[in-house]
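What follows is one structure encoded as structure tokens, with my remarks underneath.
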Amino acid sequence: MSPADLAVATSGLTKRFGTRAAVDGIDLAVPTGAVYGFLGPNGSGKTTTIRMLLGLIEPTAGSRTLLGQPMPAGAGETLPRVGSLVEGPAFHPYLSGRANLARLDAADRYADPWSARSRIDAALERVGLLAAAGKKYRAYSLGMRQRLAIGASLLMPRDLLVLDEPTNGLDPQGTREVRSLVGSLAADGATVLVSSHLLTEVEQVCTHLGVMSDGHLVAQGTVAEIRSGAVATIRLQTGELDAAATVLTGLGVTNVQRVGLEVHGLPGDLEPERIVAALVGAGVGVRGFVVDAPSLEDLFVTMTGEGFDVSG
Amino acid sequence: MSVAEKGVEQGEVGTRHTGSTATRPRAVSTRLLRSELGLIMGRRRNQMGMLVLAALPVVLAVAVKLTAPNREGHDAGDFLVQATANGLFVPLAALTLEMTLFLPMAIAMLSGDAIAGEANLGTLRYLLTVPVNRTRLLAVKYASLVIGALIGVTIVTVVGAVVGIALFGAGPMLTLSGVQIGVWSAVGRVALVALYCAAGIAALGAVGLFVSTLTEQPMAATVTVMIVTIVSWILLGVNQLAFLHPWLIVDHWMSFSDLFREPPLWSNLLQGLGQDLAYAVVFWLAAWARFTSKDITS
């Protein structure tokens, strides 16, 4: 894929804080029009990457382009086309939600002051905050704050949205709304880069996935490509374990082993139909046959490591 | 606005269809500066601060009125004693007092909010990704500090003049040289004093802006600026350190009394303005060097 087709591209992007590499030589490729799920546990380097993409911090090494323009040189032209949510919402506590958006709009030299009011209201409407627009930000709940931050990224028409953990602090209903919002933005033609430490929250809307672990990009591609990386296992229940194992090995199934009253193995590219046919053909009675493909979730855990340990 | 128009505008919101051309940015926009001033003036703490600034000349004038016949010496110098003869001396006495502590504290608080305050709230990262160019942001922030300095000094001066004239009346003014000047000439010179004081406070604002780029704690920036001010006043009071005095930001802040000689003594005033300008330029550039190369991790 040529760089021109990529909304976000990085090459060897690295950021060291002291001696520790928070992000270590990653090559992101977010195709134009994609909904890219940027996954990884807390502390795996997602936010640092996003900060580098947006020009907030300078990488130690490597380069990055946003909408075809190198950053940070192209920031003035590119960033007005990029809506972003970085590491949670941040607003002036003693201003209302509407006044906070007005302030951000005032800072944008591309924004037309005459349409500010209607654009701000439309953005508030889109995130369901219009009724609470006059309330002071400090009185907002975490979910409302998160919505306001998403609303701020929608003040202007955008070609790219970079949303860092947009579902943080939202209840299941809010999470679903954000998902459908992401879907509708993508349907309008925008590219969306959405990060999350929870696969389940973004899986359904993503066309592409990138998985971070401890500063490395351990997997990247379309959802189908990532899924195909999943190694299926077969589990055969039979009365003739030895004969079954011989047949399976003869077919090219690898890692064949007896587990209790079952025979397990890795079928590789072999079709399950052929395996069963061969077993029956050889006179092995098949009591049960299961092909186990690990879920995306299992894959994610395998790639990033389990548990609550934060990479540090 | 008709319903149809509204629908069209709302339809635009959210995404731009690929291939559409971006409109040109407005070359000059005062929206951010106006938003900045709104933020400063709308903040309750700053409103209280302005009340404090305004209260001092009132207290001074009333105190002088109540003890009118007593012309004993006073800290605010000759101005306060002369206030009984001419109300226009009240703003001068008030500025003499407020330039030492209250006005520097006001600008110290505003400059703490400027960058460190936004970093502390996290709003800095959202301003920068709008995007606001970092140099432009520093320019707007400093412009708002200069305007803040002007507003603070103007409050003291105007309230002082109004209360002074109300209590003591205005008339031809007896200058320090013993020559009388007309009332309008006196008003003009009071206005010049206000501008001169604002220049000093604005220069201190540049120091504050620089400190503000060093920290994410607005209070730390404010305290640092106050320490700089207080230490400067202390050093200025030590005659053995005279060689150091031309380098102090407060060196000529009190020279505005030279405007009340006839003719005015310009040399100290011009030197004072030169010092203010030097401080403003050096510290704004230091802030720029720091801020434009800084990783924003807040």
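Only heavy atoms go into these numbers, but all of them, side chains included; no hydrogens, no water, no symmetry mates. Labels below follow one simple rule: chain letters A, B, ... track the order of the sequence lines, proteins then strands, and each chain is numbered from 1.
Of all residues in residues 30-37 of chain B, those placing a non-hydrogen atom less than 4.5 angstrom from a non-hydrogen atom of chain A are Arg31(B), Leu32(B), Ser35(B), Glu36(B). Residue-level contacts of residues 281-298 of chain B with chain A, in order of numbering, are Lys294(B), Asp295(B), Ile296(B), Thr297(B), Ser298(B); threshold 4.5 Å between heavy atoms. Identified by a heavy-atom distance below 4.5 Å to chain A, the contributing residues of residues 137-147 of chain B are Lys141(B), in residue-number order.
Heavy-atom distances place no part of Arg44(B) under 4.5 Å from chain A, backbone and side chain included. When heavy atoms are compared at a cutoff of 4.5 Å, Pro72(A) does not approach chain B at all. Contact annotation for Leu181(A): neither backbone nor side-chain heavy atoms come within less than 4.5 Å of a heavy atom of chain B. Looking at Arg51(A), only its side chain comes within 4.5 Å of chain B, counting heavy atoms on both sides. Using a 4.5 Å cut-off between heavy atoms, Asp105(A) touches chain B through backbone and side chain atoms alike. Contacts of Ala111(A) with chain B are made by both backbone and side-chain atoms, with heavy-atom separations under 4.5 Å. With a 4.5 angstrom heavy-atom cutoff, Ala75(A) touches chain B only via backbone atoms.
The shortest non-hydrogen separation linking Val86(A) to Arg125(B) is O-NE, 2.8 Å. Contact record, Leu85(A) with Tyr126(B): CD1-OH, 3.3 Å, taken as the closest heavy-atom pair.
Between His92(A) atom NE2 and Asp113(B) atom CG the span is 9.0 Å, to the nearest 0.5 Å. With rounding to the nearest 0.5 Å, the separation of CG in Leu95(A) from CG in Leu39(B) is 5.5 Å.
Residues that satisfy the side-chain contact (heavy atoms from CB on, under 4.5 Å) test with Ala278(B), not counting sequence neighbours, are absent from this structure.
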Checklist entry - Passes side-chain contact (heavy atoms from CB on, under 4.5 Å), Arg103(A) versus Leu127(B)? Steps please. => result CA-CA 9 Å; Arg103(A) 173 162 171 77; Leu127(B) 277 179; 3.7 Å; yes
Checklist entry - Step by step, would you call Thr129(B) with Val82(A) a side-chain contact (heavy atoms from CB on, under 4.5 Å)? => result CA-CA 8 Å; Thr129(B) 52; Val82(A) 180; over 6 Å; no
